[in-house]
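Input: a single structure, listed below in structure tokens.
No experiment lies behind these values; they were computed from the predicted model shown. Start at 1 and go down the list; that is how both ligands and their atoms are numbered.
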Amino acid sequence: MGPLVFERPLVMGVLNVTPDSFSDGGRYLDPDAAIAQAQRLIDKGADIIDVGGESTRPGAEPVDVDEELRRVLPVVAALRGIGVPLSIDTRHAAVMRATLDRGAAIINDVSALTADPESLAVAAASGAPVILMHARGDPSTMQESPVYEDVVAEVHAYLEQRIQACIGAGIDAARLIVDPGIGFGKTLEHNLTLLRNLHRFHDLGCPVLLGVSRKSFLGRLSGGAPAHGRLPGSLAAALAAIHQGVHILRVHDVAETRQALAVWQAIFPGTTTESP
Ligand code: YH5
């Protein structure tokens, strides 16, 4: 797989490989259903598929690594050669190693390679691009009244420090992607302040990725819309991000996002993707 190219913003499609997403109503995951969903995401225009076997939603409890492997390995193995790069959304070095061995191309770690002491070394040895996301606290507790003095400065400083840690571990800076981590240990006001100031992350010198799709803060801004009713808000936030030069959007609704991006880019051709 060659390097990611940013002539236009890229769309990363979310593939949740958890039993609540793909099962016949029972407790077991159906890999074939997950594989069919990946194909649908690609048909709709996904540039990257993000495979995740551990829910990191607010309040979620950690998943045992063996269980996470059981969920993602058959899916990653079956998606090898599907035509777009796969990223693996995990905090566990063992999951990174096993999925990279089976063809995954990108590491997406919501802990920015801090949760597992082996992750920096696995990432360095793999040569894969790494998405470094900011989070405050663990998913199980992160929404318990997080406090920042200056959320943009603190998230920026954290990402800068993680970039340095990666470089120190032998990871090529050109392979790093940063993400402010919307919804991960942030209040509504923190999320909005970050979304207003995404342009300030470009001086880190890396492509910027953003995940806002269907997140809770959108529900809070729309009279309590449930997750499946948050597409309009997701698109509004996505376009606010693209306006500030964000390079990759992590979304559930790939076709709708691609349409919104196509219109935006027709209005503002060539001005939306900063050189990383
Ligand atoms: C992200 O932003 N997010 S998992 C709560 C929701 C809806 C969606 C219904 N992995 C990110 O998508 N990786 C996740 O309320 C991520 N950036 C990166 N890099 C959380 C999620 C979600 C949570």
Which residue and heavy atom of the protein sit nearest atom 4 (S) of ligand 1, plus the separation:
Thr56 OG1, 3.3 Å
Going from CG on Leu15 to CD on Gln39, what distance comes out if it is rounded to the nearest 0.5 angstrom?
11.5 Å
Pairing of Arg250 and Asp89 as salt bridge, 4.0 angstrom limit:
yes
Check ligand 1 against Arg230 and write out every atom of the ligand that is under 4.0 Å from a heavy-atom position of the residue.
9 (C), 15 (O)
When distances are taken from atom 23 (C) of ligand 1, the protein heavy atom at minimum range is Arg57 CG, 3.5 Å
Atoms of ligand 1 close to Val110 [distance to a heavy atom under 4.0 angstrom, numbered from 1]
10 (N), 13 (N), 16 (C)
Side chain, backbone, both or neither: which applies to Val212 and ligand 1 if a contact is any heavy-atom pair less than 4.0 Å apart?
neither
State yes or no: are the ring centers of His134 and Phe184 separated by less than 6.0 Å?
no
In this structure, is the centre-to-centre distance between the rings of His247 and His202 below 6.0 Å?
yes
What protein heavy atom sits nearest atom 13 (N) of ligand 1, and how far off is it?
Asn108 ND2, 3.1 Å
Test of understanding: given a 4.0 Å heavy-atom threshold, classify the contact between Asp89 and ligand 1 as side chain, backbone, both, or neither.
side chain
Side chains of His190 and Thr193: donor-acceptor distance under 3.5 Å anywhere?
no
Hey, is Glu68 close enough to Arg71 for a salt bridge, meaning N to O under 4.0 Å?
no
What protein heavy atom is closest to atom 12 (O) of ligand 1, reported as residue, atom name and distance in Å?
Arg250 NH1, 2.9 Å
For atom 2 (O) of ligand 1, what's the nearest protein heavy atom and its distance?
Lys215 NZ, 2.6 Å
Which ligand 1 atoms, with their elements, are less than 4.0 angstrom from a heavy-atom of Gly211?
2 (O)
For atom 17 (N) of ligand 1, grab the closest protein heavy atom and report residue, atom and distance to one decimal in Å.
Asp179 OD2, 2.6 Å
Does one side chain, of Asp203 or His156, offer a donor that lies under 3.5 Å from an acceptor on the other?
yes
Heavy-atom nearest neighbour in the protein, as seen from atom 15 (O) of ligand 1, with distance rounded to 0.1 Å:
Arg214 O, 3.5 Å
Enumerate the atoms of ligand 1 whose separation from the nearest heavy atom of Ile131 is less than 4.0 angstrom.
19 (N)
side-chain hydrogen bond (donor to acceptor under 3.5 Å, both in side chains) between Thr18 and Asn16, intermediate numbers included:
CA-CA 6 Å; Thr18 52; Asn16 279 321; 5.3 Å; no
Is the backbone of Pro180 close enough, under 3.5 Å, to the side chain of Lys186 for a donor and an acceptor to pair up by distance?
yes
Is it the side chain, the backbone, both or neither of Leu209 that has a heavy atom closer than 4.0 Å to ligand 1?
side chain
